[in-house]
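Below: one structure, written as structure tokens.
Chain identifiers are assigned alphabetically (A, B, ...) following the order of the sequence lines, protein sequences preceding nucleic acid strands; residue numbering begins at 1 within each chain. In what follows, every heavy atom counts, from backbone to side chain, and hydrogens, waters and symmetry copies are set aside.
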There are 2 protein chains.
Amino acid sequence: MERPEIPLPQLHAFVVLAEELHFGHAAARLGIAQPPLSQQIRRLEDKVGHALFSREPGRVTLTPAGRELLPAARQALTDLADGLAAARAVGSGRVGRLKIGFAASLALTVLPRLLRTFRQRFPGVHLDIHEMTTAPQIAALHNNTIDIGLLREPPTDETELGFKTVLSEPFVVVLPTTHPLAAQRTVQLVQLADSPFVLLPRVVGPQLHDQITGLCTAAGFTPQVAQHAVEWQTVCALVEAGLGVSLAPASIRRIRLKGVAFRRIEPSTARTRVAVAWRKNDHNPLVTHLLATVSQDPPERPSTGPAWS
Amino acid sequence: MERPEIPLPQLHAFVVLAEELHFGHAAARLGIAQPPLSQQIRRLEDKVGHALFSREPGRVTLTPAGRELLPAARQALTDLADGLAAARAVGSGRVGRLKIGFAASLALTVLPRLLRTFRQRFPGVHLDIHEMTTAPQIAALHNNTIDIGLLREPPTDETELGFKTVLSEPFVVVLPTTHPLAAQRTVQLVQLADSPFVLLPRVVGPQLHDQITGLCTAAGFTPQVAQHAVEWQTVCALVEAGLGVSLAPASIRRIRLKGVAFRRIEPSTARTRVAVAWRKNDHNPLVTHLLATVSQDPPERPSTGPAWS
DNA sequence: GCGCTCCATACGCCTAGAGATATCAGGTCA
DNA sequence: TGACCTGATATCTCTAGGCGTATGGAGCGC
């Protein structure tokens with residue numbers, strides 16, 4: 001790439017003159033007097049080394065060299081103007097692309113809400129969403145694969161990442177409606193000691209998995225895992241099929257499946273937290289916008305009320 | 001088209017820095033010290049209104065806005081450089097396009113010679129050649145449809161056009177070999193008084209036509225035109241078929257057709273001139289080049305020698 | 001802590017470029 | 001011929017831009 005030889009104003013003058021083919025009019029369009037325009041063109045022609053316009057009395061025309069230069073000049077100017085506008089749009093966060101990782105369990109609750117309001121406020125922003133569990137999200141944030149994470153149980157030892165809790169929710173027990181405990185409004189955890197469990201494999205979310213098994217341990221038993229499933233949808237389906245019961249974040253109540261009941265558990269102290277994560281040193285305005293959206297969009301009412309029927 | 005806001009050197013610096021992602025190295029590549037580069041980038045960022053690079057200790061990276069601007073900047077710079085080079089090439093006459101009109105009767109003599117040597121000297125120049133008679137050539141020169149004319153009998157009342165004689169040649173008589181006169185080396189014009197003539201229609205070249213009939217008139221007879229044909233090839237073919245005889249510029253001897261003989265005429269004073277024509281106010285270097293080629297390329301030996309057999 | 005790297009800042013200099021006004025010169029047309 | 005249009009020239013002013021040197025300051029490795 002060579003160093004540029006030609007000032008842009010000269011090219012601009014050239015293009016305008018090429019359109020007007022009249023020094024006076026072109027100067028007027030450029031908002032300058034006519035002599036300066038003559039000079040601009042002259043300087044440009046000097047640099048090019050050849051005449052670009054042929055001035056015959058009564059009419060100004062492009063020379064072959066001028067005809068050759070015109071499209072390139074025009075192109076360069078519009079490229080630049082467009083690129084500048086695009087860069088400004090991106091810089092201001094009006095348009096752009098944001099890469100978001102999210103935990104599968106949020107696909108029914110936090111995520112759609114967030115996407116909806118964000119898209120509404122920034123229709124020019126393209127959102128790339130990738131379903132991924134917590135640990136990969138942390139890694140992806142570090143290597144810039146994603147810009148925003150939506151995850152459960154944020155780690156506490158990350159100095160370069162920021163976390164903000166979006167939702168803190170209790171656990172519910174997932175039962176087939178035929179299960180004797182489904183008749184109660186509230187289930188004592190220990191009552192599940194003898195039921196087989198359907199859980200997500202530990203690898204897809206160690207923190208959550210450990211928290212669930214920890215709850216059981218605290219209640220005095222070790223859950224008997226009869227079956228694993230990688231999606232909450234599937235877990236619910238398996239519960240409905242009678243393969244066992246499950247413990248899950250309250251927000252999965254959104255999965256309405258005939259034959260499946262959700263019941264509050266006792267003790268209800270244990271909660272699982274959903275957080276947004278971002279790189280603290282990321283100055284991408286879209287990240288700021290998204291965090292602002294999260295803050296302004298009030299978190300869903302914690303599911304303590306009788307939201308299920 | 002807006003007035004350009006951004007000096008090109010800043011864009012150049014931007015592109016180089018975007019490639020190097022290192023102020024020191026980029027500055028070195030630009031051949032300047034590092035602080036000026038910092039300033040360039042800073043000024044550019046000020047104008048854009050957003051940071052284009054994120055400077056974290058140890059590494060410089062493009063921001064989304066910078067990534068957006070980069071291709072446009074690069075494109076504009078290369079467009080410009082290319083356009084400039086192209087304009088210079090055209091301006092210098094190394095490449096380009098030249099529109100040439102030529103009289104049909106030259107297709108076998110002057111034209112191919114000229115094209116060959118010109119192409120050899122200016123391989124980058126595209127030649128558009130159009131067969132057209134004298135009057136249309138004059139008109140086409142005036143309205144810029146062609147840049148160069150190759151015609152017979154240039155008019156003398158054209159002030160805006162320049163003419164240069166390329167070739168001055170005598171007339172020959174075209175005879176079927178079976179014709180009694182074909183036995184002679186030279187034919188007295190008046191001997192053709194009783195033969196039917198095959199000629200080009202007057203409209204395709206009034207000057208030449210009038211000159212031919214004028215020759216006959218001067219010899220004391222009016223030629224009996226038995227047949228018209230618009231191409232010399234055809235004229236010869238018709239002569240060969242015995243439809244008549246013809247008078248033609250000597251250069252059509254190039255048409256070798258069995259059964260057709262060409263003979264010098266007496267008196268041999270009458271000559272037809274072939275000229276190049278151009279607009280005097282045309283500063284297209286290609287025109288100059290072509291005229292120079294014509295001058296340097298010596299005109300064909302006038303056909304007075306025993307060049308036919 | 002020391003030195004090194006790397007980028008930013010401060011300051012000064014200089015020039016090219018862009019602008020204005022005034023004037024000239026060639027053509028056209030009434 | 002003279003008014004008028006159009007573009008070129010001459011001259012002056014001003015400033016943004018580009019570059020240099022000197023210096024500051026944050027990280028990082030030893």
Side-chain angles (χ1 to χ4, degrees), chain A residues 1-48 51-63 66 73 77 80 159-160 280-281 283, chain B residues 1-48 51-63 66 73 77 80 159-160 280-281 283:
Chain A
M1 181 115 3
E2 298 310 315
R3 83 187 299 139
E5 331 173 38
I6 296 196
L8 279 186
Q10 290 179 14
L11 283 175
H12 185 212
F14 167 67
V15 170
V16 171
L17 180 56
E19 283 166 0
E20 299 289 337
L21 291 178
H22 186 293
F23 280 74
H25 300 167
R29 232 181 86 186
L30 289 165
I32 62 175
Q34 169 262 318
L37 175 59
S38 284
Q39 289 181 24
Q40 299 261 46
I41 299 300
R42 184 156 152 45
R43 272 196 285 268
L44 178 57
E45 287 177 326
D46 284 350
K47 291 221 179 101
V48 172
L52 298 171
F53 293 95
S54 114
R55 296 83 154 157
E56 289 154 56
R59 71 153 173 245
V60 175
T61 40
L62 276 169
T63 62
L77 289 176
L80 231 52
T159 57
E160 296 182 10
K280 282 182 185 166
N281 69 0
H283 298 122
Chain B
M1 181 117 0
E2 299 309 314
R3 84 186 301 137
E5 334 173 36
I6 296 196
L8 279 186
Q10 290 178 13
L11 283 175
H12 185 211
F14 166 66
V15 170
V16 171
L17 179 56
E19 283 165 0
E20 298 289 336
L21 291 179
H22 186 289
F23 280 75
H25 299 167
R29 232 180 86 186
L30 290 165
I32 63 175
Q34 169 264 316
L37 175 59
S38 285
Q39 290 181 22
Q40 299 260 46
I41 300 300
R42 184 155 151 47
R43 272 196 285 268
L44 179 57
E45 288 178 325
D46 284 351
K47 293 224 177 95
V48 172
L52 298 172
F53 293 96
S54 113
R55 296 85 153 157
E56 288 153 56
R59 71 152 171 245
V60 175
T61 41
L62 277 169
T63 62
L77 289 175
L80 231 51
T159 57
E160 295 181 11
K280 281 183 186 163
N281 70 359
H283 299 121

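Counting to the nearest Å, the C1' atom of D:dG7 and the NE2 atom of A:His25 are 12 Å from each other. Straight-line distance from the CG atom of A:Asp46 to the C1' atom of D:dT9: 14 Å, rounded to whole Å. One atom, CG of B:Leu37, and another, C1' of D:dG20, lie 14 Å apart when rounded to the nearest Å. We find that CZ of A:Phe53 is positioned 15 Å from C1' of D:dA8, with the value rounded to whole Å. Rounded to whole Å, atom P of C:dA16 lies 17 Å from atom CG of A:Leu44. The CD-P distance, from A:Gln40 to C:dA20, rounds to 10 Å in whole Å. Taking atom CD1 on B:Ile32 and atom P on D:dG17, their separation rounds to 15 Å, with Å as the unit. Following rounding to the nearest Å, A:Arg55 (CZ) and D:dA8 (C1') show an atom-to-atom distance of 9 Å.
Remark: B:Ile41 CD1 to B:Arg55 CZ distance equals 7.5 Å, nearest 0.5 Å. The line from CG of A:Leu17 to CZ of A:Phe53 is 3.5 Å long, rounded to the nearest 0.5 Å. Here CG of B:Leu8 is found 6.0 Å from CG of B:Leu77. Values are rounded to the nearest 0.5 Å. Atom CD in A:Glu20 sits 8.5 Å away from atom CG in A:Leu30 (nearest 0.5 Å).
Using a 4.0 Å heavy-atom distance criterion, A:Pro36 is classed as a base contact. In this structure, B:Gln34 reaches the bases: a heavy-atom distance under 4.0 Å links it to at least one base atom across the strands shown. Among the atoms of the strands shown, base atoms are found under 4.0 Å from some heavy atom of A:Pro35. Across all strands, B:Gln39 comes closer than 4.0 Å to base atoms (heavy-atom distances). Residue-level contact check: A:Arg43 touches the bases, meaning some heavy atom is under 4.0 Å from a base atom.
For B:Glu160, the CD atom sits in a loose shell: 12 or fewer heavy atoms of surrounding residues, nucleotides or ligands are nearer than 6.0 Å.
The shortest distance between the side-chain N/O atoms of A:Ser38 and the OP1/OP2 oxygens of D:dG7 is not below 4.0 Å. Put simply, B:Arg42 has no side-chain N or O that comes within less than 4.0 Å of OP1 or OP2 on C:dA8. A sub-4.0 Å separation between OP1 or OP2 of C:dC6 and a side-chain N or O of B:Arg59 is absent.
Defined by atom type and a distance below 3.5 Å, a donor-acceptor pair is missing between the side-chain atoms of A:Ser54 and A:Thr63.
No N or O donor and acceptor, one from the side chain of B:Glu56 and one from the base of D:dG27, sit under 3.5 Å apart.
Each of B:Ala33 and B:Lys47 has a nearest nucleotide on DNA chain D; the 5'-most of these lies closest to B:Lys47.
Using a 4.0 Å cutoff on non-hydrogen atoms, the parts of residues 10-24 of chain B near DNA chain C are B:His22, B:Phe23, B:Gly24, ordered by number.
The pair A:Arg42-A:Glu45 fails the salt-bridge criterion, with no side-chain N (NZ, NE, NH1 or NH2) lying under 4.0 Å from an Asp/Glu carboxylate O.
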